[in-house]
Amino acid sequence: MSMKRRLARVINQSLHQAQVSGSLNLTERPTVQIEVPKITEHGDFATNVAMILASRVRRPPRQVAEIIIQHLDAPAGMLDRVEIAGPGFINFFIHDPYWYQVLKDIQAEGEAYGRSDCGQGLRVQVEFVSANPTGPLHIGHGRGAAVGDALANILAACGYQVEREYYINDLGTQMRTLGLSLYLRLRQLQGQKVDFPDTCYQGDYVIDLARQYQANHGPVAAGEPTEAALQAWGEYAGAAILAEIRQDLDDFGVHFDHWFSEAQLFQNGSLERALAFLQDQGYLYEAEGALWFKATAWGDEKDRVVRRRNGATTYFASDVAYHWNKIKRGFDQVVDIWGADHHGYVPRLKAAVQALGTDKQFLKVILVQLVSLLRQGQPIAMTTRGGTFVTLREVMDEVGKDAARFIFLSRRSDAHLDFDLDLAKQQSTENPVYYVQYAHARLASVFRLAREREIDLQGLGEANLNRLDLPEEIALIKLLASYPDVVEAAAQSLEPHRITYFLTDLAAQFHSYYYKHRFISESEELTQARLFLVQGIKTVLAQGLQLLGVEAPESM
RNA sequence: GCGCCUGUAGCUCAGCUGGACAGAGCACCGGACUUCUAAUCCGUAGGUCGCAGGUUCGAAUCCUGCCAGGCGCGCCA
């Protein structure tokens, strides 16, 4: 349990005691908020609970604080002192030696340090990437992949049952268009002059596919292709592209539990059943020859068509059926990760899941903003239509999986991201991924030397930890202590970038400490104590990097 | 026209779901390797938190209105 959670427990008990003894007349207990003050003079932790309570019990905040302090019953040795400050903050100073407990926790828990059960086994599905199989993954998909995968890792670390899913849009006009694109490229390969319209997929990968197709199946017949033939070419190309996508994601370290096919929704009739369900509930109506969903009933700005005048269902109808399927699979929570250009789609889908009988909170949508690719500080123009986009594969090849993932996770999802290819390749100060990895590699190196010197690493827990009395040592231990809270906060807010920032901070404090002090020294006692501390740092660095899907190298 | 996101140091961005004098990294300038990896470290400087109101004991954070940039607004997917 983190120090913060321990303290929260103590404060809650105090409130309970004050309530029982009649010192505070409370009908209900507030949730205790504990924060780490920016200024060390304000203690290790502070709570504003007295100020929150003041108005409810109609007493001055400082007086309420006084009562809470009187009822505190902390474990022996935990609290150095407690102060009332400012308008009514209660500041807690943890006794320095009590922090050492954290290092023992890390040793005992190892890789599991930072994990918790706050998710209580709730089933969460994270659906991400879900790129249409009409072209290779580009850099924007890469960001979605990094965010989704890290988020899934973080949720799993917090005790959620997590499933990763990729939704394949393998139906509709786009697959036909893909088939047509392939067909036209085949004709061109065979030396015929045919127009290649703007509406077709322009990328060179279609030409590559055409070559492969021709090699395997020979030339195509001349003349107007049938609809069935176009569909078949579309399926052929789609399957080939999807295989590429899977390979790219695999190499990017992203592995899905399920690949969900949109076509399946048609084949097994669940799309029609979903519409029938909404119909029964009275949420559909006919107008202008089409079938509409009453999205406005849940706050969307207009109602949405689910079946067109020509009888074909819309993409939205598929998504309704897909999310009905998610509901029926029994997830407690569903997280969809989309490109921010789809944000206008959120209200209608939120409306749909409510119409399907769930709470608004059931579906959470994370919008990932666009990535601007830079080279030497200059933006690279990218258009999917024109086929001049930079693929995830190219980025991986050029800067490596680790640098790419780390950079994708170095911003809030809803903020635009500038991705400078040259910077990402640079093995220097400016590149944050190496900064963190280097800290880990340095530590690995320290332990290699320790083993060479035959220092007993098994018994580090028995070291005299009182030797860790430097301010930077205490500060490092406090930072390690906050790690479980950071992971939990990242899970709760669905913000993986918090881990990135934590790791950068930890690496910075470590590098500074490393430069100033030697860990392996003449004093056996001091060596043991310091190695125990830095072993904790190494464990947490490795664990945090693992959540991000970035390697923790033993040497660099 | 309507909606969503963004606006914090010269640049790129954090800011712990409302807390107590606004943080970091680059860049600039000046320093540190015979000792566990210099892909590192140390130091100086730099801000009307877009603007104006409001709520609150307390606002970068919440509300309203403006301004600027990005993205959407199809019986496309």
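Because the structure is a prediction, the values reported are computed rather than measured. We name chains A, B, ... by the order of the sequence lines, and we start the count at 1 in each one.
- Residue pairs meeting the salt bridge (Lys or Arg N to Asp or Glu O under 4.0 Å) criterion with at least one member in residues 30-51 of chain A, sequence neighbours excluded: A:D44-A:K478.
- Under the 4.5 Å side-chain criterion, counting only non-hydrogen atoms from C-beta, A:V365 is not in contact with A:Y345.
- In this structure, A:R348 atom CZ and B:rG72 atom C1' are separated by 10 Å, rounded to whole Å.
- Using a 4.0 Å cut-off, no side-chain N or O of A:Y434 falls inside it from OP1 or OP2 of B:rG25.
- For A:Y322, the side chain to side chain donor-acceptor pair (under 3.5 Å) partners two or more places apart in sequence, or in a different chain, are A:E165.
- Ring-plane geometry between A:Y501 and A:H497 is classed as perpendicular, the angle between the planes exceeding 60 degrees on a 0 to 90 degree scale with a lower cut at 30.
- Taking atom CZ on A:F532 and atom C1' on B:rC36, their separation rounds to 19 Å, with Å as the unit.
- Comparing A:R304 and A:A444 by the nucleotide of RNA chain B whose heavy atom lies nearest to each, the residue mapping closer to the 5' end is A:A444.
- Among the protein residues, A:L449 comes within range of the sugar-phosphate backbone only, with heavy atoms under 4.0 Å from sugar or phosphate atoms but none that close to a base.
- Using a 4.0 Å heavy-atom criterion, one finds that A:F447 contacts no nucleic acid atom at all.
- Among the protein residues, A:H517 comes within range of the nucleic acid bases, having at least one heavy atom under 4.0 Å from a base atom.
- Electrostatic pairing of A:R307 and A:E286 does not count as a salt bridge here, judged by no charged N lying under 4.0 Å from a carboxylate O.
- With the 3.5 Å cutoff on both pairing distances, Watson-Crick and G-U pairs in RNA chain B assemble into runs of at least 3 at B:1-7 with B:67-73, B:10-13 with B:23-26, B:29-32 with B:40-43, B:50-54 with B:62-66.
- Within the 4.0 angstrom heavy-atom criterion, base atoms lie near A:A85.
- One C1' atom belongs to B:rC76, the other to B:rG23, and the distance between them is 46 Å to the nearest Å.
- Listed nucleotides: B:rU40, B:rC76, B:rA20. Nearest to the side chain of A:R308: B:rC76.
- Residue A:T504 is out of contact with every strand shown, counting any heavy-atom pair closer than 4.0 Å.
- Classification of B:rU17 as syn follows from a glycosidic angle within 90° of 0.
- Using a 4.0 Å heavy-atom distance criterion, A:L291 is classed as making no nucleic acid contact.
- When distances run from any side-chain atom of A:N132 to the nucleotides B:rC41, B:rA38, B:rA77, the shortest one goes to B:rA77.
- Note on A:D336 versus A:K326: salt bridge recorded, some NZ/NE/NH1/NH2 to OD/OE distance being below 4.0 Å.
- As judged by a 4.0 angstrom heavy-atom cut-off over every strand, A:Y514 is placed among the base-contacting residues.
- Residue A:Y201 contributes atom OH, which lies 11 Å from atom P of B:rA77 at whole-angstrom precision.
- Side-chain contact between A:L180 and A:L230 is present, with heavy atoms from C-beta onward closer than 4.5 Å.
- Between the P atoms of B:rC36 and B:rG30, the separation comes to 29 Å (whole Å).
- Ring centers of A:Y513 and A:F519: under 6.0 Å apart, within the cut-off.
- Comparing the P positions of B:rC66 and B:rG1 gives a spacing of 11 Å, expressed to the nearest Å.
- Within the structure, every pair that satisfies the side-chain hydrogen bond (donor to acceptor under 3.5 Å, both in side chains) test and touches residues 481-494 of chain A, not counting sequence neighbours, is listed here: A:S2-A:D485, A:R5-A:E488, A:S493-A:E495, A:S493-A:R498.
- Residue pairs satisfying the salt bridge (Lys or Arg N to Asp or Glu O under 4.0 Å) criterion with at least one member in residues 530-541 of chain A, sequence neighbours excluded, are listed as follows: A:E473-A:R530, A:K538-A:E554.
- Here A:D170 pairs with A:S261 under the side chain to side chain donor-acceptor pair (under 3.5 Å) rule; sequence neighbours left out.
- Atom CG of A:L460 sits about 9.0 Å away from atom CD1 of A:I455, to the nearest 0.5 Å.
- The separation between A:L178 atom CG and B:rC76 atom C1' is 16 Å, rounded to whole Å.
- Going from the C1' atom of B:rA27 to that of B:rG69 covers 24 Å, rounded to whole Å.
- When the P atom is used for both B:rC5 and B:rC42, the distance is 39 Å, rounded to whole Å.
- Between the side chain of A:S512 and the backbone N or O of A:A508 there is no donor-acceptor pair closer than 3.5 Å.
- Under the side chain to side chain donor-acceptor pair (under 3.5 Å) criterion, A:S130 pairs with A:E127, sequence neighbours left out.
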Check nucleotides 7-17 of chain B for protein N or O atoms closer than 3.5 Å to its own N or O atoms and list the pairs.
{"unit_1": "B:rU12", "atom_1": "O2'", "unit_2": "A:R411", "atom_2": "NH2", "d": "2.5"}
{"unit_1": "B:rC13", "atom_1": "OP1", "unit_2": "A:H416", "atom_2": "O", "d": "3.3"}
{"unit_1": "B:rC13", "atom_1": "O5'", "unit_2": "A:R411", "atom_2": "NE", "d": "3.3"}
{"unit_1": "B:rC13", "atom_1": "O2'", "unit_2": "A:Y501", "atom_2": "OH", "d": "2.6"}
{"unit_1": "B:rA14", "atom_1": "OP1", "unit_2": "A:R412", "atom_2": "N", "d": "3.0"}
{"unit_1": "B:rA14", "atom_1": "OP2", "unit_2": "A:R412", "atom_2": "NH1", "d": "3.4"}
{"unit_1": "B:rG15", "atom_1": "OP1", "unit_2": "A:H497", "atom_2": "NE2", "d": "3.1"}
{"unit_1": "B:rC16", "atom_1": "N4", "unit_2": "A:V36", "atom_2": "O", "d": "3.4"}

Provide a list of protein-nucleic acid N or O atom pairs under 3.5 angstrom, restricted to nucleotides 42-51 of chain B.
{"unit_1": "B:rC42", "atom_1": "OP1", "unit_2": "A:S512", "atom_2": "OG", "d": "2.8"}

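- Taking atom CG of residue A:D505 and atom P of nucleotide B:rA24, one finds them 10 Å apart after rounding to whole Å.
- Listed in residue order, the members of residues 41-54 of chain A having a heavy atom less than 4.0 Å from RNA chain B are A:H42, A:A46, A:N48, A:M51.
- Within the 4.0 Å cut-off from OP1 or OP2 of B:rA38, at least one side-chain nitrogen or oxygen of A:R442 is found.
- Following rounding to the nearest Å, A:Q509 (CD) and B:rU40 (C1') show an atom-to-atom distance of 15 Å.
- Residue A:R309 places no side-chain N or O under 4.0 Å from the OP1 or OP2 atom of B:rG74.
- Taking the P atom of each, B:rG72 and B:rU17 are spaced 33 Å apart, rounded to whole Å.
- A:I84 has its CD1 atom 19 Å from the P atom of B:rA20, to the nearest Å.
- Among the protein residues, A:Q437 comes within range of no part of the nucleic acid, since none of its heavy atoms lies under 4.0 Å from any strand.
- Here the side chains of A:Y201 and A:T177 are in contact, with some heavy-atom distance below 4.5 Å.
- Looking at residues two or more places apart in sequence or on another chain, you find no side chain to side chain donor-acceptor pair (under 3.5 Å) involving A:W324.
- If you take CG of A:L349 and C1' of B:rA77, they are 14 Å apart, rounded to a whole angstrom.
- Counting only residues at least two apart or in different chains, salt bridge (Lys or Arg N to Asp or Glu O under 4.0 Å) contacts with residues 437-451 of chain A are absent.
- Distance check on atom P: B:rG10 versus B:rC2 gives 34 Å, rounded to whole Å.
- Side-chain N/O atoms of A:H343 and base N/O atoms of B:rC71 include a donor-acceptor pair closer than 3.5 Å.
- Contact annotation for A:N91: base contact, defined as any heavy-atom pair under 4.0 Å involving a base atom.
- Look at B:rC33: its glycosidic torsion is within 90° of 0, and that puts it in the syn range.
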